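Below, each value reflects all heavy atoms present in this structure, side chains not excepted, and no hydrogens, waters or symmetry copies. No experiment lies behind these values; they were computed from the predicted model shown. In what follows, every chain begins at residue 1, and chains take the letters A, B, ... in the order their sequences are listed.
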Number of protein chains: 2
Amino acid sequence: MPVLDAVAAAPSAPAFSPLYQQIKALLLQRLQAGEWKPGEMIPSEMELAARFKVSQGTVRKAIDELAQENHLVRRQGKGTFVATHAEERTQYRFLRLMPDDGGGNPPQTRLQRRLLECRRMRAPAEVARALEIKSGEAAVQIRRLLLHAGEPVVLDEIWLPGPLFKGLTADKLSSWRGPMYGLFEAEFGLRMVRAEEKIRAVAAAGDDAALLAVAAGTPLLLVERLSHTYGDRPVELRRGLYRTDRFHYRNELQ
Amino acid sequence: MPVLDAVAAAPSAPAFSPLYQQIKALLLQRLQAGEWKPGEMIPSEMELAARFKVSQGTVRKAIDELAQENHLVRRQGKGTFVATHAEERTQYRFLRLMPDDGGGNPPQTRLQRRLLECRRMRAPAEVARALEIKSGEAAVQIRRLLLHAGEPVVLDEIWLPGPLFKGLTADKLSSWRGPMYGLFEAEFGLRMVRAEEKIRAVAAAGDDAALLAVAAGTPLLLVERLSHTYGDRPVELRRGLYRTDRFHYRNELQ
DNA sequence: TAGTGGTCTAGACCACATC
DNA sequence: ATGTGGTCTAGACCACTAA
């Protein structure tokens, strides 16, 4: 069987992997390289099979895994598309806040955003470490408030590596409709692929308490999120303070 | 193609579903019925294929999904086994607490348990509603403390439907080594399949503060977990108070 | 009607575990 | 050597979408 050149040429070939895993890696490379942009259709299974000289079933298994990991979206009768945070289906994929009443899944549409700050500055040491950039390098700091029915619910502080987000301004941010990750895709070609969150309970203090309209000392959820793009490259650090008097963080365990 | 009788006979057949989904449903039924117990091996793919009169590939797809949903565990060369909470691999599958330092995945082995209470009583209205039993029906209440290096970290209050857990005593609980869900499997034939958690930040108060050795008013994570067995039947309500000064709740978003 | 993904089959061969 | 799951193929047919 003809070994796949691009993989065979990879630095320090890792022993052995099934064909479909090699195909998957190739597709991931091309996604990362931006060959197909978020929302675009990728070639059909038959065409990819022909291109890679494997059977359709092998391509299918590779695509199945990529679809399951939220890189691709399959649509029967139409084709397979690059996943995007700008869609209805995936909107607020990363926001796990739920209203206490709201039965089941009424998503947090009608969350009003209020931009508090957007400025470029040198990254503090802690931020630089998380984003894997040099301490003191340029970074973008964003602070914003999410409100529900006029009441503040979430106070976000967001840190982005400066060089990757050239041209990001308060204007661009506040005029953008839809999820912030959609803006990142459209303007900066950066797709968030995975995130990890560390959740703690903390006491509201100072400015934060005032902005969230709670008394100092009120328990709040502190959600520290580190989001990654392709290749496990961290590109966003987000510290969110959540009021949980009318909302809660929902998690499904399997 | 010979339709699968057991499925065809199901009440109000739901239009149409692929063959492998029907096989999956049949396997789930047998798991639920206890035909194969946790940790046991199920018949080989070939045998199931023969039994159901479908191809091996169709059985494979059904098993693949069940494995992915943590009902089954595949082991190459050995067979396919019913998943269990008593294994190393899945131990503490539902406990997301991580030490703040601890690098990556050192799991919370060396969490010491201290049983505070285990008694039978009438279920309070709120508990009954969650467990879908009648208000005032028999229930088991368990309270326990998890400690790390002598320091209290988690205070759990657990509610179980009384009839399902006949014979559960404080002795059985405190003498059991390994995860509590392992005991539930071994003694009561109840496998936890899925759980949902609602997380909030609350202030420590009264007894709870004392037991966790924190000052009243200290922010704590309140984790309300509802665990389900087969057929989405709720069988455990757990309210955990987590100290998050040295630990955090970790979540992966994809 | 043509093109796409979705299902199902049958058979060959590989990798792993056990005897 | 045997039995298990894992990979790969080739081809048939179904279900959905759009022109």
Among dC8(D), dC8(C), dG5(C), the nucleotide that comes nearest once only the side chain of P18(A) is considered: dC8(D)
Atom pair distance, as rounded to whole Å: CD in E47(B) and P in dG3(D): 13 Å
Which residues pass the ring-ring contact (aromatic ring centres under 6.0 Å, His included) test with Y242(B), sequence neighbours left out? none
dG5(D) P sits how many Å from E65(B) CD, rounded? 18 Å
Measure from CG on D64(B) to C1' on dT7(D) and round the result to the nearest Å. 12 Å
Looking at T58(B), I'd like to know whether one of its side-chain N or O atoms comes within less than 4.0 Å of OP1 or OP2 on dT7(C). no
Side chains of F81(A) and L72(A) in contact at under 4.5 Å (non-hydrogen atoms): no
Applying side-chain contact (heavy atoms from CB on, under 4.5 Å) to T169(A) and not counting sequence neighbours gives D171(A), K172(A)
Mind checking whether V235(A) and L160(A) have side chains closer than 4.5 Å, heavy atoms only? no
Nucleotide dG5(C), atom C1' - distance to CD1 of I42(A) in whole Å: 11 Å
Run the salt bridge (charged side-chain N to carboxylate O under 4.0 Å, His left out) test against R194(A) and tell me which residues pass, sequence neighbours left out. E196(A), D232(A), E252(B)
B/S/- contact track for nucleotides 12-19 of chain C, protein heavy atom under 4.0 Å: ---BBSS-
Expressed in angstrom and rounded to an integer, what is the separation of Q21(B) atom CD from dA15(D) atom C1'? 15 Å
Of the nucleotides dT4(C), dC8(D), dT4(D), which one has an atom closest to the side chain of S44(B)? dT4(D)
note: M46(A), atom CE; dT4(C), atom P; distance rounded to Å ~ 9 Å
Return the value, rounded to whole Å, for the distance between atom CG of L48(B) and atom C1' of dC8(C). 17 Å
Side-chain donor/acceptor contact of R60(A) with base of dG6(C) under 3.5 Å: yes
I want to confirm an ordering. Mapping S55(A) and I63(B) to their closest nucleotides on DNA chain D, which one lands closer to the 5' end? I63(B)
L19(A), nearest nucleotide to its side chain (from dT4(C), dC8(C), dT9(D)): dT9(D)
Ranking dT4(C), dT9(D), dT7(D) by distance to the side chain of Y20(A), first place goes to dT7(D)
Quick one: list whatever passes side-chain contact (heavy atoms from CB on, under 4.5 Å) with R51(B), sequence neighbours left out. R30(B), E35(B), W36(B), P43(B), E47(B)
In whole angstroms, how far is the C1' atom of dC8(D) from the CD1 atom of I23(A)? 11 Å
Under the side-chain contact (heavy atoms from CB on, under 4.5 Å) rule, collect the residues that match up with A195(B), sequence neighbours excluded. L253(A), F94(B), R225(B), S227(B)
